[in-house]
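What follows is a short report on a single structure.
Atom set for the values below is all heavy atoms of this structure, side chains included, hydrogens, waters and symmetry mates excluded. Everything numeric in this text was worked out from a predicted model, so none of it was measured.
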Amino acid sequence: MTYDRSAGLVETARALADGTITSRELVEQTLARIESSQGSLNAFRIVRTRAALAEAEAADAQLAAGVRKPLLGVPVAVKDDMDVAGEPTAFGCQGEFPAVARDGEAVRRLRAAGAVIVGKTNTCEFGQWPFTEGPAFGATRNPWSPEHTPGGSSGGSAAAVAAGLVPAALGSDGAGSVRIPASWTHLVGIKPQRGRISTWPRGESFQGITVNGTLARTVADAALLLDAAAGNHPLDPHRPPAVDASAAVGRDPGRLRIALALKPPFTALPARLQPEVRARVVELAEKLSALGHLVEEADPPYGQIGLTFIPRATAGIAERVREAPFPALLDRRTRDAARLGGLLGGVPLRAARRAEAVLHRRIGGFFTSYDVVLAPTTAAPPPRIGAMLELGGLATDRAMIAACPYAWPWNVLGWPGVSVPTGFVDGGLPVGAQLLGPANSEPLLLSLAAQLEDALRWHETWPPQEAAMDSPAVRPRSARTL
């Protein structure tokens, strides 16, 4: 049978368990959709055709034997910074990378839940930028408008989910890299508590600012993938208490005190919230008020939090560059960031890490007055393809901060946030808003996001099929098919 691309993760898992469709049928159709869209969207770096079909057949055998797992036989995708046994992990870089021997912990847990990994999605080089382009793979395009980026760095995962190629995907978020593409492709994006989804074999990715997260069309789907991937490797340094994300989706959040935070946190470069994005976020705040919540404008006491982000981010880049098999092929901006990280990797990095506890106390105090922060996910709609690709380092930083000044503080804090759709601007381009909370607040954020989804029904709006499938003038490089 033909399975509708609008079926989400929860619905797909149920259909497989009921025998409505087999995993083999579902994975074959998923692979066909990926292939037909690769020339237009270019969402995938690697498509695991043979392996995915073999995994689907194994899942069907388990289903026939009465085995039931949360994602048994369901096709999902993961970002190309995650290790999948037998595949290379290029993380957006040029060159032929060797296959890795073992799954990363998050992928291992997805497999344990029964998921079929159909491929690895495109990301910019080492996940540094809010676009998904580069000489290694071309440009990944936005299903809502192929002339625009889906964002980054988890842009491939976002494009794949938004176009209905897969029902959900894993991404990673080091400065908004799940939430930004979620915002720009009309998805739900969960950045969980640090350590909620393991980043092993790296106990701390980019000095602890990067976490793995989920992208889906609905809150329930994003929560189910979070539950499936959550958990720790025995050597993980961050081990938060377990939460049941899926159970929170159906729970009434109660009447909450919500701070509408429209002012960008301090950065050394200017940032301004564009009026059309502000209007969509304010409309969401008004909806929250209509649902019975107390909403008032208030900004968390961020202070000079940006001074603690830069040493951690650039030191993380320096670590990756030292391990890169083809350093001469790296973007000049990557090499410049690595040099800065080398300079900041001693005393400044140690001071930045120590400052986190101070920030926890100061910003944590804000949550004695408010339960949730509502903020824009980005200050602007998605830029056009190529707008940042050829810029120099400082010009790239200016463009990034101008477009995306809101997401990164929660990476410094390590706390959870959920980006939800707020509608469209500028001729149909999606934008979003973040629900942000203190440590381990995923259940509260997800129950609030689900309440909004029930009222706004954002998951019922799809990108135009012709935009998702029509090839642009310049065809991207094909994915590696295995």
Any luck finding a side-chain donor-acceptor pair between [X] and [Y] under 3.5 Å?
X	Y	result
Ser37	Arg141	no
Lys79	Ser153	yes
Thr140	Thr132	no
Asp81	Ser172	yes
Ser183	Thr377	no
Ser145	Asn142	no
Thr89	Asp83	yes

(request) Report the residue from Lys120, Arg48, Arg45 that forms a salt bridge (Lys or Arg N to Asp or Glu O under 4.0 Å) with Glu87. (result) Arg48
(request) Kindly indicate, with the supporting measurements, whether the criterion side chain to side chain contact (heavy atoms under 4.5 Å, CB included) is fulfilled by Val431 and Arg280. (result) CA-CA 8 Å; Val431 292; Arg280 298 291 85 77; 3.9 Å; yes
Taking distance alone, no hydrogens or angles, what donor-acceptor pairs closer than 3.5 Å link side-chain atoms of residues 405-412 to residues at least two apart or in another chain?
residue, atom, partner, partner atom, Å
Tyr406, OH, Leu262, O, 2.6
Trp408, NE1, Pro405, O, 3.1
Trp410, NE1, Pro416, O, 3.2
Trp410, NE1, Gly437, O, 2.9
Asn411, OD1, Arg179, NH2, 2.8
Asn411, ND2, Asp173, O, 2.8
Asn411, ND2, Asp173, OD1, 3.0
Asn411, ND2, Gly174, O, 3.4
Asn411, ND2, Ile209, O, 3.0

Heavy-atom donor-acceptor pair, [X] side chain to [Y] backbone, under 3.5 Å:
X	Y	value
Asp80	Asn122	no
Asp4	Ala7	no
Ser154	Ser157	no
Ser441	Leu444	no
Glu133	Gly386	yes
Arg217	His459	yes
Thr12	Leu9	no
Gln434	Pro376	yes
Gln38	Phe44	yes

Roughly how far apart are [X] [atom1] and [Y] [atom2], rounded to 0.5 Å?
X	Y	atom1	atom2	value
Leu452	Leu291	CG	CG	6.0 Å
Met82	Thr121	CE	OG1	7.5 Å
Lys287	Leu374	NZ	CG	14.0 Å
Gln94	Asp331	CD	CG	9.5 Å
Leu294	Ser289	CG	OG	8.0 Å
Leu448	Leu256	CG	CG	5.5 Å

Could you check if a side-chain atom of [X] sits within less than 4.5 angstrom of a side-chain atom of [Y], using non-hydrogen atoms only?
X	Y	answer
Glu453	Val188	yes
Glu297	Leu260	yes
Trp415	His360	yes
Val116	Val74	no

(request) Mind running side chain to side chain contact (heavy atoms under 4.5 Å, CB included) on Leu284 and Leu456 for me, showing each step along the way? (result) CA-CA 9 Å; Leu284 193 72; Leu456 299 176; 3.5 Å; yes
(request) Can you sort out the partners of Gln128 under side chain to side chain donor-acceptor pair (under 3.5 Å), two or more places apart, ordered by chain and number? (result) Thr334
(message) Arg196: which residues meet the side chain to side chain donor-acceptor pair (under 3.5 Å) condition with it, sequence neighbours left out?
(response) Asn440, Glu442
Please tabulate, for side-chain N and O atoms in residues 303-315, each donor-acceptor pair with protein atoms closer than 3.5 Å (sequence neighbours left out).
residue, atom, partner, partner atom, Å
Thr308, OG1, Ile305, O, 2.8
Arg312, NE, Gln207, O, 3.0
Arg312, NH1, Glu356, OE1, 2.8
Arg312, NH2, Gln207, O, 2.9
Arg312, NH2, Glu356, OE1, 3.2
Thr314, OG1, Ile310, O, 2.8

(request) Could you list all the salt bridge (Lys or Arg N to Asp or Glu O under 4.0 Å) pairs where at least one residue sits in residues 428-439, not counting sequence neighbours? (result) none
Quick one: list whatever passes ring-ring contact (aromatic ring centres under 6.0 Å, His included) with [X], sequence neighbours left out.
X	result
Phe126	Phe91
His238	none
Phe367	none

(request) Determine, stepwise, if the pair Phe326 / Cys93 fulfils side chain to side chain contact (heavy atoms under 4.5 Å, CB included). (result) CA-CA 8 Å; Phe326 307 103; Cys93 298; over 6 Å; no
(request) Could you name each residue pair satisfying ring-ring contact (aromatic ring centres under 6.0 Å, His included) that touches residues 159-186, not counting sequence neighbours? (result) Trp144-His186, His186-Phe424
Counting only pairs under 3.5 Å, give me each side-chain donor-acceptor contact of residues 158-170, with atom names and distances, residues two or more places apart or in other chains.
none

(request) Please report the C-alpha distance between Val178 and Ile190 in whole Å, then the side-chain angles of each, then the deciding distance to 0.1 Å, and finally whether the side chain to side chain contact (heavy atoms under 4.5 Å, CB included) criterion is met. (result) CA-CA 7 Å; Val178 162; Ile190 302 175; 5.8 Å; no
Please list, one pair per line, the donor and acceptor atoms closer than 3.5 Å that link side chains of residues 222-230 to other protein atoms, with sequence neighbours excluded.
residue, atom, partner, partner atom, Å
Asp227, OD1, Ala245, N, 3.0
Asp227, OD2, Ser246, N, 2.8
Asp227, OD2, Ser246, OG, 2.7

(request) Please determine if Asp371 and Arg257 form a salt bridge, counting it only when a charged side-chain N lies under 4.0 Å from a carboxylate O. (result) yes
N/O donor-acceptor pairs under 3.5 Å from side chains in residues 388-403, not counting sequence neighbours:
residue, atom, partner, partner atom, Å
Thr396, OG1, Arg333, NH1, 2.9
Thr396, OG1, Gly392, O, 2.7

(request) Take Glu283 and Arg278 through the salt bridge (charged side-chain N to carboxylate O under 4.0 Å, His left out) test and state the conclusion after the steps. (result) CA-CA 9 Å; Glu283 286 173 3; Arg278 184 185 193 280; over 6 Å; no
